[in-house]
Amino acid sequence: MPRFLRALDESITTLGGVGPAAKAGYAELGVETYSDLLLLAPRTWEDRSTITAVAAVHDGGMVNTIVEVLSHSWFGFKSAKKRTLKIIVRDVSGEGGGQLSLLCFGRNFLEKTIRVGRRYYLWAQVHMHRGEKQSSQFEAYPIGDDGSMPPQFGSILPIYPLRGSLTQRLIRANIKAVLDRIDHFIDELPPSITERHSLVTTDTAIRDYHAPASLAALEESRRTLAFGELFYLQLATRRRHGASEPISPTRAAPTKLELALIERLPFSLTGDQITALKEIRLDLAGVEPMNRLLQGDVGSGKTLVAWISALYALGSGAQVAFMAPTELLARQHAESAASLLADLGIRLAFLTGSVRNKERRLLLEAVREGEVDILIGTHALFSAEVVFKNLRYVIIDEQHRFGVEQRLALLAKATVPDLLLMTATPIPRTLSLTVFGNLNISTLKTMPAGRKPVVTHLVSEASRKRMYQAVGVEFSRGHQAYFVYPRIDDSGEDDVRDVTNMFEYLKEEYPLIPSALIHSRLDEEEKIAILRSYQQGELSYLVSTSVVEVGIDIPNATVMVIEHAERFGLSALHQLRGRVGRSDLQSYCFLVFSSQLTEEAKSRLTVLKNSNDGFYIAEQDLLIRGPGELSGVRQSGYLRLTFASLTEDLALIQLAREEADRILSSKDGLLGAEYEAIRSVLANAPPFDTEKSEA
Ligand code: ADP
Ligand code: MG
C-alpha cells in the first residue's frame with residue numbers, strides 16, 4: 001500500500017535489534033516511529049564511490065581501494081595473549097599500488113578472516129609512522145572468488161548521529177528494513193512542479209537519500225526533499241485561514257482602545273511613530289498577512305508603536321504574541337505593558353522557561369481558551385505546548401537576536417500570521433526577501449522630542465580618575481550609571497577587568513553610594529530583583545557584563561561606562577550606549593580602552609564617538625566584521641528543517657516561494673485539480689502542521 005513519508009506511525013521497536021537500549025538512544029534523537037527514522041538526517045556521507053589507492057593517500061586520509069594480503073606478522077609483547085596482529089597488504093586496484101600495514105589492536109581474530117593471498121575491498125584511515133603507512137581503523141570485506149565485489153564497495157555511506165548504544169550498523173539496517181517494508185511512498189509534489197525543477201519523486205528521493213548510488217543521486221534526492229520541505233513551509237506561513245472577506249479600509253483608523261492609550265501618554269508620539277502606526281494598521285486591516293519590519297535606532301520608541309498596534313489587532317478578537325530575546329527584556333516588556341495596558345482591560349500573560357508546573361499549566365490553558373489577549377515571553381512561546389486559540393499577530397522585538405527558524409516556528413503556529421519584526425540592526429535584503437516574503441519596512445528616524453545625543457568620550461588609563469569624578473557628579477545630581485566589563489570574574493588573563501573585582505573597587509571609589517552586581521550567572525529572580533530596585537532608584541549604579549546590552553529601559557540612567565571597549569563589536573557598543581540617553585537628561589558614554597590599543601581598534605571606537613546613528617554604525621560594523629554576525633541566521637533547534645538549509649539553499653527557497661505564489665494566486669488556489677497531491681499531503685502528513693492552533 002502506498003504511504004505518506006510523514007505518516008508512518010509504526011514504532012521502531014518492531015524493527016530487529018531495537019531493544020530498550022536502542023529505543024532510548026533513538027528517543028534522544030527524537031526518533032520513535034518509522035517516519036521519524038526516515039527523517040533522521042545523516043550527519044554526513046562517506047564517499048566510497050571512487051578509488052583512493054594506498055600510494056595516493058596522505059597522512060590522516062582515507063584509502064578506498066582493493067588490496068591483496070601479503071603476510072601476517074605479530075608485534076608488541078612476546079606472550080601470545082598480549083601481542084598484536086599486523087597484516088601487510090598491497091594495493092592491487094591498479095590506481096598506483098602501495099603497501100600498508102593494518103594494525104589489529106584488539107582484533108587479533110582477523111587472523112582467521114583476512115587471509116594471506118586473498119583480495120579484499122579496504123576502507124582505512126592511514127597514518128604515517130616512521131616512513132611506514134599504517135592503519136588501525138579499517139574495514140575489509142572479501143572479494144568473491146569470481147571477482148564479485150562486496151556491497152560496500154563503491155557506495156556512499158550515510159553516517160548518522162549516534163546516541164547511547166546506537167551504532168551506524170543498526171541504524172542503517174533499521175532504515176533499510178523500513179524502506180523494504182514500504183513498497184511505495186506517495187509523491188508530495190504535483191508532477192508539474194517536479195518537472196519544472198527537475199526533481200525526483202518522493203519515493204526515489206527518500207530511498208536515494210539513505211542509500212545513494214552516487215553523489216549526484218544524493219544531491220538530487222536531497223534537493224527534492226529540501227524543496228518539498230521549503231515549499232510546505234512557504235504554504236504554512238502564508239496560507240490564509242478560511243475565506244478572506246475583504247475588510248473595509250476605514251477600519252484602519254485608530255480604535256478607541258488605541259486612542260485611550262495615546263491620550264494617557266505623558267508625551268506625544270513622534271511623526272515617525274504616527275506614520276509607522278498608520279502603515280501597520282493598514283497592513284493589519286488588509287487581506288494579506290502583514291510582513292513588516294519596524295526599524296529604528298535604539299531609543300526611537302519602537303516598543304510603544306508595537307503596543308499601540310497590538311491594541312488595534314485585539315479589536316478584532318485576535319490574540320497577540322510578543323516575543324523578546326531574553327528573559328530580562330521580556331519581563332521588562334511585560335511590566336511596561338502591564339502599566340500601559342492593564343487598566344484598558346487587556347488580559348496579559350507572561351511566559352518564559354522559568355514559569356513552571358501548575359502556574360505554567362494554568363497559563364497555557366488560559367492561552368488555549370482564548371482568555372489571554374497578549375502573551376509576552378521569550379522563545380518559550382515557540383514550544384509545541386503553547387497552543388493559541390486565535391493567534392493573529394506576532395511581534396518580535398530585537399528580531400536579529402533570533403534565528404530565522406525560530407521566527408518561522410512561531411509563525412507556523414498562527415494561521416494568519418501578521419508579523420511585525422522590530423530591529424535596531426538592519427537585516428540583509430536578500431535574506432529578508434527569500435525567507436519572509438516581501439518585507440515592508442517602517443522606519444523611525446526621529447527621536448522622541450527633547451532627546452539629547454549621548455556625549456561619548458574615549459578614555460585612556462591616564463584619564464580614568466577624571467572619568468570617575470565626572471560620574472560622581474552625575475550621582476550627586478541623582479542620576480544613575482552602568483559600569484560594564486567584559487568578564488564576570490578574574491580569568492587569569494592579564495589586565496582584563498572583571499565585574500567581581502571592579503564591584504569591590506568601585507565601592508571604594510564611591511563609598512556610601514548603593515550599587516549592585518549583575519551578570520548572566522545570577523538566576524533570573526535575582527537579576528529581576530536587582531533591576532527592579534535600580535529602576536526604583538534604590539541603586540545608583542550597576543556593575544554589569546553585557547547582559548544589560550539589550551533593551552533595558554531606565555530613563556534616569558545617564559552614564560554608561562564600558563571598559564575594554566575594544567573587545568566589543570560596534571553594534572554591541574551602540575546597543576549598550578543606547579541604555580542611556582532615554583529621557584531629556586544629557587547622558588554620557590565613556591569608552592575606556594587599554595593602553596596597547598592598535599590604531600585600527602582606536603579608529604573603530606572613533607566611529608562610535610563621532611556617530612549616534614545606529615544604521616551608520618551597523619554599516620561600519622559590517623565592513624569591519626563581515627556579514628556573518630548580523631544576519632541572525634543559524635540553524636537552531638526550534639524549527640527543525642531536516643533537509644534544507646536556510647543559509648545554503650537560498651536559490652531553492654526562492655523557487656519554493658515562486659511555486660507557492662503561483663498556486664496561491666491562481667484562480668482556484670490549492671483547490672485546483674492538479675494540486676490533489678498537495679491537498680492530500682496537507683490533510684494527511686504535512687511537514688509543518690499549521691492547523692493545530694485551530695483545533
Ligand atoms: P526602542 O525599543 O526603539 O529602543 P523604546 O520603545 O524602548 O525604544 O523607547 C525608549 C523610551 O522612549 C521609552 O522609555 C519610551 O517610553 C519612550 N518613548 C517612546 N516614544 C516616545 C515619545 N514619542 N516621546 C517621548 N518618549 C517616548
Ligand atoms: Mg526596544
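Nothing here was measured: the structure is a model prediction, and the numbers come from that model. Numbers for residues simply follow the sequence, beginning at 1. The basis for the numbers below is simple: all heavy atoms, side chains too, and nothing from hydrogens, waters or symmetry mates. Just follow the structure's listing: the first ligand is 1, and inside any ligand the first atom is 1.
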> Taking 4.0 angstrom as the limit and counting only heavy atoms of D297, give me the atoms of ligand 1 inside it, by number and element.
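Near D297, the atoms of ligand 1 are 3 (O).
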> What is the distance from atom CZ of R451 to atom OG of S583, rounded to the nearest 0.5 Å?
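Between atom CZ of R451 and atom OG of S583 there are 7.0 Å.
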> Nearest to atom 16 (O) of ligand 1, what protein heavy atom do you find, and at what distance?
F267 CZ, 4.0 Å
> Are any of the N or O atoms of G299 closer than 3.5 Å to those of ligand 1?
yes
> Just which atoms of ligand 1 are under 4.0 Å from any heavy atom in R582?
4 (O), 5 (P), 7 (O), 8 (O), 9 (O), 10 (C)
> Among all protein heavy atoms, pick out the one at the shortest distance from atom 14 (O) of ligand 1; state its residue, atom name and that distance to 0.1 Å.
D553 OD2, 2.7 Å
> Below a 4.0 angstrom heavy-atom separation, can you tell me which part of M422, side chain or backbone, both or neither, approaches ligand 1?
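No part of M422 comes within reach of ligand 1.
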> State the atoms of ligand 1, each with its element, that fall below the 4.0 Å cut-off from a heavy-atom position in S268.
22 (C), 23 (N), 24 (N)
> Look at ligand 1 and say whether G450 reaches it with a heavy atom at a distance under 4.0 Å.
no
> Heavy atom of R451 under 4.0 Å from ligand 1?
yes
> Determine, using heavy atoms of S300 and all atoms of ligand 1, whether some pair is separated by less than 4.0 Å.
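It does, in that a heavy atom of S300 comes within the 4.0 Å cut-off of ligand 1.
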> Does any non-hydrogen side-chain atom of F590 lie less than 4.5 Å from one of I562?
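Sidechains of F590 and I562: no contact.
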> Using a strict cut-off of 4.0 Å, indicate which atoms of ligand 1 neighbour a heavy atom of T270.
23 (N)
> Does any part of the side chain of Y312, heavy atoms only, come nearer than 4.5 Å to the side chain of P254, both counted from C-beta?
no
> Using a 4.0 Å cutoff against the non-hydrogen atoms of T303, which atoms of ligand 1 qualify?
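Taking each heavy atom of T303 in turn, ligand 1 has 2 (O), 5 (P), 6 (O), 7 (O) under 4.0 Å.
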> Would you mind running through ligand 1 and noting each atom that sits below 4.0 Å from a heavy atom of V298?
4 (O)
> Using a strict cut-off of 4.0 Å, indicate which atoms of ligand 1 neighbour a heavy atom of L269.
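By the 4.0 Å cutoff, the relevant atoms are 23 (N).
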> To which protein heavy atom is atom 20 (N) of ligand 1 closest, and what is the distance rounded to 0.1 Å?
Q273 NE2, 3.0 Å
> Establish, yes or no, whether a centroid distance under 6.0 Å links the rings of F322 and H333.
yes
> How does L444 reach ligand 1, by side chain, by backbone, by both or by neither, if only non-hydrogen atoms under 4.0 Å count?
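L444 to ligand 1: no contact under 4.0 Å from either part.
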> Under a 4.0 Å threshold between the charged nitrogen and the carboxylate oxygen, would E385 count as salt-bridged to R360?
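A salt bridge links R360 with E385.
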> Are the side chains of R582 and D553 in touch, meaning some heavy atoms are under 4.5 Å apart?
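Counting from C-beta outward, R582 and D553 do come under 4.5 Å.
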> Do me a favour and list the nearest non-hydrogen protein atom to atom 3 (O) of ligand 1 with residue, atom name and distance?
K302 NZ, 2.8 Å
> Can R521 and E526 be counted as an ion pair, charged N to O under 4.0 angstrom?
no
> Do any heavy atoms of D397 fall under 4.0 Å from ligand 1?
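Checking ligand 1 against D397, which is what was asked, there is no heavy-atom contact under 4.0 Å.
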> Decide whether S309 and Y393 meet the rule of one side-chain donor and one side-chain acceptor closer than 3.5 Å.
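The criterion, which ignores hydrogens and geometry beyond distance, is satisfied for Y393 and S309.
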> Report yes if some heavy atom in the side chain of V372 is under 4.5 Å from a heavy atom in the side chain of I374; otherwise report no.
no
> With heavy-atom distances below 4.0 Å as the criterion, list the atoms of ligand 1 near G301.
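With G301 as reference, the close atoms of ligand 1 come out as 1 (P), 3 (O), 5 (P), 6 (O), 8 (O), 9 (O), 19 (C).
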> What's the spacing between K507 NZ and L512 CG if we round to 0.5 Å?
12.0 Å
> Would you check if M290 and I280 make a side-chain contact, meaning some heavy-atom pair closer than 4.5 Å?
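Contact flag for M290/I280 side chains = yes.
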> Would you say the rings of Y541 and F475 are close, in the sense that their centroids are separated by under 6.0 Å?
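Ring centroids of F475 and Y541 are less than 6.0 Å from each other.
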